Structures are given as C-alpha cells and as structure tokens.
Amino acid sequence: MSNPAPITARRIEPLFAGAGTRPGLAPEEVALPESAFAVQGPWRVVVLNDPVNSMSYVVLVFRKVFGFAEPRARRHMLEVHEQGRSVVWSGLREQAELYAFALQQWHLTAILESDEAH
Amino acid sequence: MKRIEVKLSLPVVAPLLDLMKASSDVLEAQIAAPITLEDIDADFREEWRAELLGGQQEELHALMGLFNSDFFINGVVAFDEDNAEIIVRACSALRLRLRRHDLRVLEDEQLESGGVDLETLPVALQKPFMCYVFLGTIQELIIQHLDGAILRGPAGDADAGDDGDDGDVDTEDAEEDKN
C-alpha cells in the first residue's frame with residue numbers, strides 16, 4: 001500500500017475545481033508507465049448501492065464529480081441500482097482516493113479496491 | 001442568477017423542524033453515510049474523517065439556516081446557485097440519518113419503491129417519514145431547476161485549473177463511450 005500525503009483542503013480542491021466546473025470533461029484514457037502502477041495501483045473507485053439517495057441525485061453526483069455526460073452517469077447509476085455496485089473509475093491510488101473522498105462528501109458509499117484483489 | 005422560491009405550508013413543515021434539528025445535531029459528530037476507510041492508511045483516516053465531518057456540518061448549518069425567523073413569517077425558502085449544492089447534500093445527509101435511525105424498521109424495498117402509506121405507519125414513524133419525503137422533495141426540486149448551476153459550480157470556480165484527470169484510466173468506459 002502506498003503512503004499518500006494527508007488530505008488537506010488544498011489537496012482536495014483541484015478535484016472539484018476540475019471535475020466540478022467542467023461537466024463533460026470525463027477522465028481520459030492515458031498511457032502510463034508500468035512503474036507508476038507498480039508503485040501505486042491500479043485502484044478502483046466503487047460506488048455501492050444505498051436505498052436513500054435518489055437516482056437523479058446519484059446521476060448528478062457522477063456528472064459533478066467525474067464530469068461524465070448524462071448517459072454515462074445514468075448507466076453507472078443503473079449499475080449501482082441493479083447490481084449493487086459500479087466501478088466508476090480506476091487508476092492511480094492517489095487520484096482514486098480523491099474521487100472516493102469526493103463521492104463520500106456527497107454522501108455516497110464509495111470504496112477503494114485494489115485491482116490486484118480481482 | 002437563477003433562483004427558485006418555494007412557499008411551504010407552515011403547519012405541515014414547522015412540526016418537522018424539531019426532528020430535522022435533532023438529527024442535524026447528531027450529525028455534528030457523526031458522518032451520515034456508512035463509510036469504509038479500511039483501505040486508507042491509519043495515519044490518514046482521522047484527517048479524512050474530520051474533513052468529511054467538517055463539510056457535513058457546513059451543509060447542515062446552511063440547510064437549517066433556511067428555516068429562520070423570516071421563514072416563520074412568510075413560509076418561503078429560496079434556492080439559488082449559491083446554496084443549491086450545499087442544500088442538496090445536506091438533504092442527503094439528513095435522509096441517511098433518518099433512514100438509519102428513525103426509519104430503520106422499514107425495508108429498503110419499501111423506501112426505494114415509494115410504497116409506504118403514511119396513514120398505515122405507526123405514529124412514531126410518521127414524522128420521520130414525512131421529514132424523509134420532505135427532504136427528498138427539496139432535493140428533487142433543486143436538481144430539476146438548478147442542476148446546471150450545481151454542475152457549473154459557484155461563480156469564481158470557472159477559471160479553476162483541471163488538475164484532476166492527469167494520468168487517469170477508465171478503459172472500460174472510455175471504450176463504451178466511443179460507441
């Protein structure tokens with residue numbers, strides 16, 4: 001497991017500044033050096049179902065946090081609703097933490113999973 | 001600035017405020033959603049939890065602040081791009097608390113399907129359930145009318161940098177979205 005820097009307001013802010021203010025700007029597929037994954041990941045951000053938050057709320061959160069377009073956000077929401085979970089993002093550990101934290105700030109049940117566990 | 005004003009029925013809403021306040025007070029010290037921090041380094045967990053709690057407190061203060069003395073005069077609450085996001089989140093926190101505490105005897109399926117008849121609920125559950133529905137209604141109103149404002153973020157964030165996506169991979173989704 002990596003040893004990430006402590007969460008601070010400064011560390012969290014870029015996530016909202018970027019993903020939050022630019023809807024539609026979804027994470028892109030980017031080639032990473034193998035060494036990066038070897039040290040830090042890959043990790044999955046998984047959202048678990050809850051019976052409280054409405055479908056429209058969850059779609060809004062996915063759009064806000066990840067910048068997903070609505071169809072993509074809706075597809076992940078339905079996956080959560082119907083299958084109990086959805087992998088909404090995967091990549092380096094530190095970024096996965098930021099996303100999980102952002103989802104938890106919206107009161108969704110988000111967890112991190114190591115890809116190595118699967 | 002887009003703004004919506006909602007006129008609420010004081011005789012209906014006022015009795016719910018005590019329960020909302022009591023639940024809000026509990027959430028001063030307790031995170032509403034079930035969170036798992038097992039995968040987070042131990043040194044790091046308390047700071048993570050404290051940041052979440054601080055944000056939640058701010059949300060709940062904003063929500064309860066809507067029901068001030070003016071509200072008791074005119075019964076109106078107002079939502080705009082400045083408070084839409086924080087109020088939507090506060091509603092989520094309170095609903096989670098109500099569900100896990102006051103409404104814990106109800107089945108998930110009942111709540112998800114909306115198939116709960118207020119009249120047939122035990123008296124002790126009626127007020128929590130009304131609160132739960134009321135908060136959900138506020139959320140839906142805001143999402144319906146102000147989702148654009150929430151997605152854009154508060155004024156001033158528009159020029160913020162996009163530091164979040166460097167080096168991300170989302171292979172599965174990236175593939176499907178191309179289709």
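Everything numeric here is computed off the predicted structure, so don't read it as measured data.
- No option in B:I150, B:V88, B:D147 other than B:I150 meets the side chain to side chain contact (heavy atoms under 4.5 Å, CB included) test with A:K64.
- Shown here is B:E28, whose CD atom has more than 12 heavy atoms of other residues, nucleotides or ligands within 6.0 Å.
- With a threshold of 4.5 angstrom between heavy atoms, B:E140 approaches chain A through side-chain atoms but not through N, CA, C or O.
- One hydrophobic cluster holds both B:L118 and B:L16 under the rule that ILVMFWY side chains link at heavy-atom gaps under 4.5 Å.
- A distance-only check finds a donor-acceptor pair linking the side chain of B:R95 to the backbone of A:V52 [under 3.5 Å].
- Looking at A:L60, the atoms closer than 4.5 Å to chain B (heavy atoms on both sides) sit in the backbone and in the side chain alike.
- Side-chain contact, A:S54 with B:Q139: no donor N or O sits under 3.5 Å from an acceptor N or O.
- In summary, the side chains of A:E97 and B:W48 do not present any donor paired with an acceptor at a separation below 3.5 Å, with no hydrogens or angles considered.
- Contacts between B:Q144 and chain A at a heavy-atom distance below 4.5 Å are absent for every atom of the residue.
- For CZ of B:R45, the number of neighbouring non-hydrogen atoms (other residues, nucleotides, ligands) closer than 6.0 Å is greater than 12.
- Cluster membership check: B:L94 shares its hydrophobic cluster with B:V12, using side-chain heavy-atom separations under 4.5 Å among Ile, Leu, Val, Met, Phe, Trp and Tyr.
- One distance of note links OG of B:S92 with CH2 of A:W106; it measures 9.0 Å at 0.5 Å rounding.
- When each of B:A32, B:A50, B:A93, B:A33 is scored by its heavy-atom pairs under 4.5 Å with chain A, the top score falls to B:A93.
- Note on A:L108, A:I111, A:N53: by heavy-atom pairs under 4.5 Å with chain B, the leading option is A:N53.
- Annotation: maximal heavy-atom pairing with chain A below 4.5 Å, among B:I31, B:L96, B:L111, occurs at B:L96.
- Across A:H107 and B:R89, no two heavy atoms sit closer than the pair CD2-O, 3.2 Å.
- Considering CD of B:E51 and CZ of A:F101, their distance stands at 5.0 Å, rounded to 0.5 Å.
- The CE atom of A:M55 sits 13.0 Å away from the CD1 atom of B:I143 when rounded to the nearest 0.5 Å.
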- Yes or no on side chain to side chain contact (heavy atoms under 4.5 Å, CB included) for A:L112 and B:I40, after CA distance, side-chain angles and deciding distance? CA-CA 9 Å; A:L112 294 176; B:I40 308 301; 3.7 Å; yes

